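Structure first, then comments.
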2 protein chains.
Amino acid sequence: MGKSVFYHAGCPVCVSAEHDIISLIGVDNVEVVHLNQDMSRFDEAEKAGVKSVPALVTPSGQVLHINFGASMADVKA
Amino acid sequence: MGKSVFYHAGCPVCVSAEHDIISLIGVDNVEVVHLNQDMSRFDEAEKAGVKSVPALVTPSGQVLHINFGASMADVKA
């Protein structure tokens, strides 16, 4: 199985979900991308279909929006 | 690690998320509850903090609302 990518923006909802996801999937199976700290990944996330953060993009390309921290528009602002 | 519980209501968003979650976490680590087929679990889900389906309740009791299929009010209606 390939790696999933977890996109977040440092919000409290994001951090809480990050802990849960890592504990469920395992730290070796997920790459964590902090968009506010690395805006070079923003376009890639949007292209993958991420509408809000936190979100998990699975190895098969499905986007799971987990709870709701912030919209991508808010992240960009 | 205890089992997570995945609550859903048979909607297309739910079924798609179910496949993703099982493939990520492993079928042995998640109990799948179809609320429309087993309304006896509805109160338990609401008490756990589930506001909409599909949702995953982790072994530590965190609720991850994954995408949005239907509100719990819709499930009950």
Side-chain angles (χ1 to χ4, degrees), chain A residues 1-35 41-42 44-76, chain B residues 1-35 41-42 44-76:
Chain A
M1 190 171 75
K3 269 201 182 197
S4 300
V5 185
F6 181 79
Y7 295 99
H8 77 108
C11 59
V13 171
C14 295
V15 172
S16 168
E18 180 187 340
H19 290 167
D20 296 331
I21 287 294
I22 286 181
S23 125
L24 288 170
I25 304 183
V27 68
D28 294 339
N29 297 321
V30 57
E31 180 194 5
V32 175
V33 175
H34 189 318
L35 287 175
R41 305 288 296 270
F42 188 91
E44 160 204 306
E46 233 178 16
K47 208 170 283 178
V50 173
K51 308 275 186 224
S52 63
V53 287
L56 187 77
V57 179
T58 72
S60 62
Q62 298 288 317
V63 184
L64 302 179
H65 296 95
I66 298 167
N67 294 339
F68 181 82
S71 72
M72 285 296 266
D74 289 338
V75 173
K76 207 169 188 173
Chain B
M1 190 171 78
K3 270 201 180 195
S4 300
V5 185
F6 181 78
Y7 294 98
H8 77 108
C11 58
V13 171
C14 295
V15 172
S16 168
E18 180 187 339
H19 291 166
D20 297 329
I21 287 293
I22 286 180
S23 123
L24 288 170
I25 304 184
V27 67
D28 293 337
N29 297 321
V30 55
E31 180 195 7
V32 175
V33 175
H34 189 319
L35 286 175
R41 306 286 297 267
F42 188 90
E44 159 203 307
E46 233 177 15
K47 208 169 285 181
V50 173
K51 307 276 187 223
S52 63
V53 287
L56 187 75
V57 179
T58 72
S60 61
Q62 297 288 319
V63 184
L64 302 178
H65 296 95
I66 298 167
N67 295 336
F68 182 83
S71 71
M72 286 295 268
D74 289 338
V75 173
K76 207 170 189 175

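Sequence lines set the chain letters: A, B, ... in the order given, protein chains first and strands last, and positions in each chain run from 1. If you're wondering where the values come from, they're calculated on a predicted model, not measured in any experiment.
Neither the backbone nor the side chain of B:Ser52 comes within less than 4.5 Å of any heavy atom of chain A. Residue A:Val30 does not touch chain B at all, counting heavy-atom pairs closer than 4.5 Å. For a residue to count as touching a neighbouring chain, one of its non-hydrogen atoms must lie under 4.5 Å from one of that chain's; by this rule A:Asn67 touches chain B with backbone and side chain alike.
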Notebook entry, point to check: What's the verdict on side-chain contact (heavy atoms from CB on, under 4.5 Å) for A:Leu56 and B:Ile66, showing C-alpha distance, side-chain angles and the deciding distance?
Noted result: CA-CA 10 Å; A:Leu56 187 77; B:Ile66 298 167; over 6 Å; no
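Counting heavy atoms from C-beta outward, B:Thr58 and A:Leu24 have side chains that approach closer than 4.5 Å.
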